[in-house]
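Positions are given from 1, in the same order as the sequence printed here.
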Amino acid sequence: MYKINYKAVALAFILQVLAGGIWYASTPFKLLGRPVWEDVSAQPSIGVMLLFVFSCFACLFFTAWILARVKGMSGSERFFLVIGMWLFVALPNHFFVSLHLDLNDVDVWYQLSYGVVNSVIAAIILPLWRPSRSIFKN
């Protein structure tokens, strides 16, 4: 039976959502024509925030599911598997979408930066924290 470490998924999910909030709130440049801190009424709606939280969870849980099915790999190999999934699946997809939507370079790099942060969080926590272990043991 395949095991997913639900504690690791929960910890990574909380860290990814916190990073997303910090990432969005600390935008130092204009994104899509306006600074984020300029107009509080233009902040994302509840629906957009719920969609963001759901998409973070779905991507993270899918990554954990993939890692649970991969056998015979060390923790460092699983780390590079998660990073590789982002490099060879999400990154090319993002570039094609940004070309189709005609986004400028600043917007593309801003959006990619959060994807990198999410992948690194998942790559550090999920592969290295096995279901039978606890990271809180002395």
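Annotation: the span from Ile125 atom CD1 to Gln16 atom CD amounts to 8.0 Å, rounded to 0.5 Å. Here CG of Leu18 is found 8.5 Å from CD1 of Ile121. Values are rounded to the nearest 0.5 Å. Taking CG of Leu128 as the reference point, atom CG of Asn5 lies at 11.5 Å (rounded to 0.5 Å).
Smallest separation of non-hydrogen atoms from Ser119 and Ile83: O-CD1, 4.1 Å. Annotation for Ala64 and Val9: closest pair CB-CG2, 3.6 Å, computed over non-hydrogen atoms. Annotation for Lys71 and Arg78: closest pair CA-NH2, 4.3 Å, computed over non-hydrogen atoms. When all heavy atoms are compared, the tightest approach of Pro127 to Ala122 is CD-O, 3.3 Å. Leu91 and Leu87 get closest at one heavy-atom pair: CB-O, 3.4 Å.
Within the 4.5 Å cutoff, side-chain heavy atoms of Phe95 are placed close to those of Leu112. For the pair Ile46/Leu50, a side-chain contact is recorded, criterion being any heavy-atom separation below 4.5 Å from C-beta on. Counting heavy atoms from C-beta on, the side chains of Phe61 and Ile4 come closer than 4.5 Å. Within the 4.5 Å cutoff, the side chain of Val53 has heavy atoms near those of the Phe13 side chain. Residues Phe79 and Leu126 form no side-chain contact, since every pair of their non-hydrogen atoms from C-beta on lies 4.5 Å or further apart.
Cluster partners of Leu51 are absent, since no Ile, Leu, Val, Met, Phe, Trp or Tyr has side-chain heavy atoms less than 4.5 Å from it.
Using a 30° and 60° split on the angle between ring planes, Tyr114 and Phe52 fall in the tilted class, from 30° to 60°.
Grouping the Ile, Leu, Val, Met, Phe, Trp and Tyr side chains by contacts below 4.5 angstrom, directly or via other members, places Phe88 with Val120. Hydrophobic cluster membership differs between Met49 and Val17, with clusters built from Ile, Leu, Val, Met, Phe, Trp and Tyr side chains linked at under 4.5 angstrom. A single hydrophobic cluster is seen to contain both Phe57 and Val82, as judged by linkage of ILVMFWY side chains at heavy-atom distances under 4.5 Å, directly or through other members. Residues Val116 and Ile124 share a hydrophobic cluster, clusters being chains of Ile/Leu/Val/Met/Phe/Trp/Tyr side chains in contact below 4.5 Å.
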| side-chain contact (heavy atoms from CB on, under 4.5 Å) between Asn118 and Trp86: does it pass, once the steps are laid out? | CA-CA 9 Å; Asn118 263 1; Trp86 185 82; over 6 Å; no

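For Phe62, the side chain to side chain contact (heavy atoms under 4.5 Å, CB included) test picks out Trp65, Ile66, with sequence neighbours left out.
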